[in-house]
Amino acid sequence: MLRCRCRPPPWVVLRAVRWLSRIAPPSPATAEPVIRVSNNVARLGEPKEGPKPRQLLSLPPFPSTGTDPLPGRKKDPAAGGHPRQVTAISWVKHYFADIPPEVIQSHFNKGLVHVESSNHDFQTKENYLIHCLKKIKHNHIMEPGMKIRLPVSVAETKIIKRYDTIPTATLHPNADEIEYIKRLVIHKASFLFLFSPFVNVDFSYLDSAIIVLNKPPKVPVKGNLPVHNSMDILAAAALSYGSDQGPKLVHRLDRESSGLLLMGRTKESFTRLHWLFTNVNLAKSSSEIWNNACEATTRRYWALVIGSPKEREGIISAPLTKVLLNNGKAERVILAHPSGIDGSQDAITEYRVMGPTINGCSWVELCPLTGRKHQLRVHCAEALGTPIVGDYKYGWFVHQRWKQMPRVDYETLSGKPYKLRRPEGLEVQKGSVLSKVPLLHLHCREMVIPNISKFLGSSGEWLHECNPWSTSRPDLLRIVAPMPSHMKISWNVMSSFLV
């Protein structure tokens, strides 16, 4: 009797293979064991895991040829009119002026610093968008438009166990409060260079025009009758340095925010800088050097926002207006109506997302082009839809959802989910991102302003041309302030993913 030896159809074979694979799945692929030696004993073990993907922090694009990439630094006289050549490590050190240079050098030595390719191509791998990155050496000459990416760990700092506490407010500033305000001074001296055929002298002098403080959070800037330990009252008592009158506030910061606070020591410097922060055109004069310095004035804030803006960078142009609440006892700043009938004020802010979204938050760099009250907080909360962490006035409901919703963040390069871990030995201070009630994460980190002391005479009068003895000093001053303790802890915790 003959039997028919016909093959089953392919779909029957596939179904059988699928059913068998559920019963006995294939063994996972394992790497070949390697020999490990410990205490003079050799054993077979699995190979070490490769380096885990690191979070990458994006630096601003290198500026074009027409602008000075390193404001505040003196140019080389031998270069003449040629543009300044800046290496990659000089650009990174300029941006992270508050980080020790050896930390930045170690990142270059380990090959952790990358640059985006010039053609801006993208590759898709496992449905994730990957930037074309390549390693860059420390002596590589920067070109306009180049973007450097390096690990977030470059800005990690040690957190001391003892934190500076705010002195108790008294009717008149006492010795503790005066000592406290003196520790906050971040700029009060400059450097003067004297050249002669026989001697080269370099000594520091007290800046006769300005004083810059690193304001801590929860300290009011402007005092009134019930407030006695505000920044202006303490500065007038402790930072006069023999002058008849104390320094005056050029601009203001919110009570909850922190960062650079500029104060004028003379009437002329206060007036000129106040005009500059109000409107650049008001501060201009007949001096071309002064006008160019006014155009280069910038302020940069670092903020931790809930969520991530849809666009990685852009300009927010949203007018603001004030509304009164509780029968005029409180006020609130909101986005103005497009018609402008409610007495709106123009408000413009440049923003740039610095890194990936982690734990539902993103680090953002903000550059206000106008100085309105609560401008950055309202633009982040209402214009971008990402309120700043700790801003309960403009982002209360978002904070409630952020604390309750489960979050799964993915690493950009590999697509693997992030795992939040707490760095060892880190004491969570009240106010960081891990606390139940975080403080406001808004810090004025960088400020580039004209070197106004070059245009002031010996008696404080305004000079339309620079003093002859000040030609060797830079036209711009660049000042960088480190973050407060609660933002440092948040930065360290947020950079602990897969690092």
Would you confirm whether His486, through its side chain, and Leu440, through its main-chain N or O, come within 3.5 Å as a donor-acceptor pair?
-> yes
* To do: Ignoring hydrogens and angles, tell me if any N or O in the side chain of Arg372 forms a donor-acceptor pair with the backbone of Asp346 under 3.5 Å.
  => yes
Check: Are any of the side-chain heavy atoms of Phe108 and Val92 separated by less than 4.5 Å?
Finding: yes
Discussion item. Between His138 and Asn109 (side chain of the first, backbone of the second, donor and acceptor by atom type, cut-off under 3.5 Å), is there such a pair?
Written reply: no
Flag the pair Val389 / Ser490 as yes when at least one side-chain heavy-atom distance between them is below 4.5 Å, and no otherwise. no
Can you tell me if Ser258 uses its side chain to pair, donor with acceptor, with the backbone of His443 under 3.5 Å? no
Between the CD1 atom in Ile316 and the CG atom in Leu369, the distance rounded to the nearest 0.5 Å is 10.5 Å
- prompt: Is a donor on one side and an acceptor on the other found under 3.5 Å between the side chain of Lys215 and the backbone of Arg255?
  reply: yes
Tightest non-hydrogen contact, residues Met483 and Lys488, listed as O-CE, 3.0 Å
| Yes or no on side-chain contact (heavy atoms from CB on, under 4.5 Å) for Leu304 and Trp491, after CA distance, side-chain angles and deciding distance? | CA-CA 9 Å; Leu304 182 63; Trp491 182 280; over 6 Å; no
When rounded to the nearest 0.5 Å, the distance separating CG of Leu239 from CE of Met263 is 7.0 Å
Can you tell if the side chain of Met354 reaches within under 4.5 Å of the side chain of Trp302, non-hydrogen atoms only? yes
Is any side-chain heavy atom of Pro71 closer than 4.5 Å to a side-chain heavy atom of His94? yes
Item checked: Crowding at NZ, Lys248 (>12 non-hydrogen neighbours, <6.0 Å) -> no
Heavy atoms of Gln375 and Leu320 approach each other most closely as CA-CD1, 3.7 Å
request  = With the side chain counted from C-beta on, respond yes when Glu256 and Leu439 share a heavy-atom pair under 4.5 Å apart, and no when they do not.
outcome  = no
**Asked** Any donor-acceptor pair under 3.5 Å linking the side chain of His379 with the backbone of Ala318?
**Response** yes
> With a cut-off of 6.0 Å (strictly less than), are more than 12 heavy atoms of other residues, nucleotides or ligands near CD of Glu311?
Replying inline: no
Minimal heavy-atom distance between Lys182 and Ala238, with the atoms involved, is CE-O, 3.7 Å
For Pro309 and Tyr351, the nearest pair of non-hydrogen atoms, with its separation, is CB-CE1, 4.0 Å
Separation between CD1 (Ile449) and CG (Leu276), nearest 0.5 Å, reads 8.5 Å
Evaluate the side-chain contact (heavy atoms from CB on, under 4.5 Å) criterion for residues Leu477 and Ile210: first the C-alpha distance (whole Å), next the side-chain angles of each, then the deciding distance (0.1 Å), finally the verdict.
CA-CA 11 Å; Leu477 294 177; Ile210 61 171; 3.8 Å; yes
Residues at least two apart in sequence or cross-chain that pass side chain to side chain contact (heavy atoms under 4.5 Å, CB included) with Asn292, listed by chain then number, are Glu288
Please check: side-chain N/O of Asn291 versus main-chain N/O of Ser285, any donor-acceptor pairing under 3.5 Å? yes
**Prompt:** Is there side-chain contact between Val154 and Tyr95, with heavy atoms separated by less than 4.5 Å?
**Reply:** no
The side chain to side chain donor-acceptor pair (under 3.5 Å) partners of His114 (sequence neighbours excluded) come to none
Point to revise | Pair Trp363-Leu57, side-chain contact (heavy atoms from CB on, under 4.5 Å): steps then yes or no | key: CA-CA 9 Å; Trp363 286 98; Leu57 180 68; 5.8 Å; no
### Message
Does Leu56 form a side-chain contact (heavy atoms from CB on, under 4.5 Å) with Leu133? I'd like the steps, not just the answer.
### Response
CA-CA 11 Å; Leu56 296 181; Leu133 302 177; 3.4 Å; yes
Looking only at heavy atoms, the pair that brings Arg445 and Leu260 closest together is O-CD1, 3.6 Å
So CZ of Phe455 and OG of Ser269: to nearest 0.5 Å the spacing works out to 13.5 Å
One should read off an interatomic distance between Arg252 CZ and Met231 CE, to the nearest 0.5 angstrom, of 13.5 Å
Any heavy-atom pair between the side chains of Leu384 and Lys310 that's under 4.5 Å?
no
Check your understanding: Are any side-chain N or O atoms of His399 and backbone N or O atoms of Pro387, one a donor and one an acceptor, separated by less than 3.5 Å?
Key -> no
Quiz prompt | Minimum side-chain heavy-atom gap Thr297-Val280 below 4.5 Å | solution = no
For this session: Kindly say whether Pro474 contributes a backbone atom to a donor-acceptor pair with the side chain of Asn451 at under 3.5 angstrom?
Result: yes
Distance col, row Phe277:CZ vs His251:NE2, nearest 0.5 angstrom, shows 5.0 Å
Please check: side-chain N/O of Arg352 versus main-chain N/O of Cys367, any donor-acceptor pairing under 3.5 Å? no
So ring-ring contact (aromatic ring centres under 6.0 Å, His included) across residues 310-333, not counting sequence neighbours, yields none
Scanning both residues in full, the closest heavy-atom pair of Thr370 with Arg299 reads O-NH2, 4.3 Å
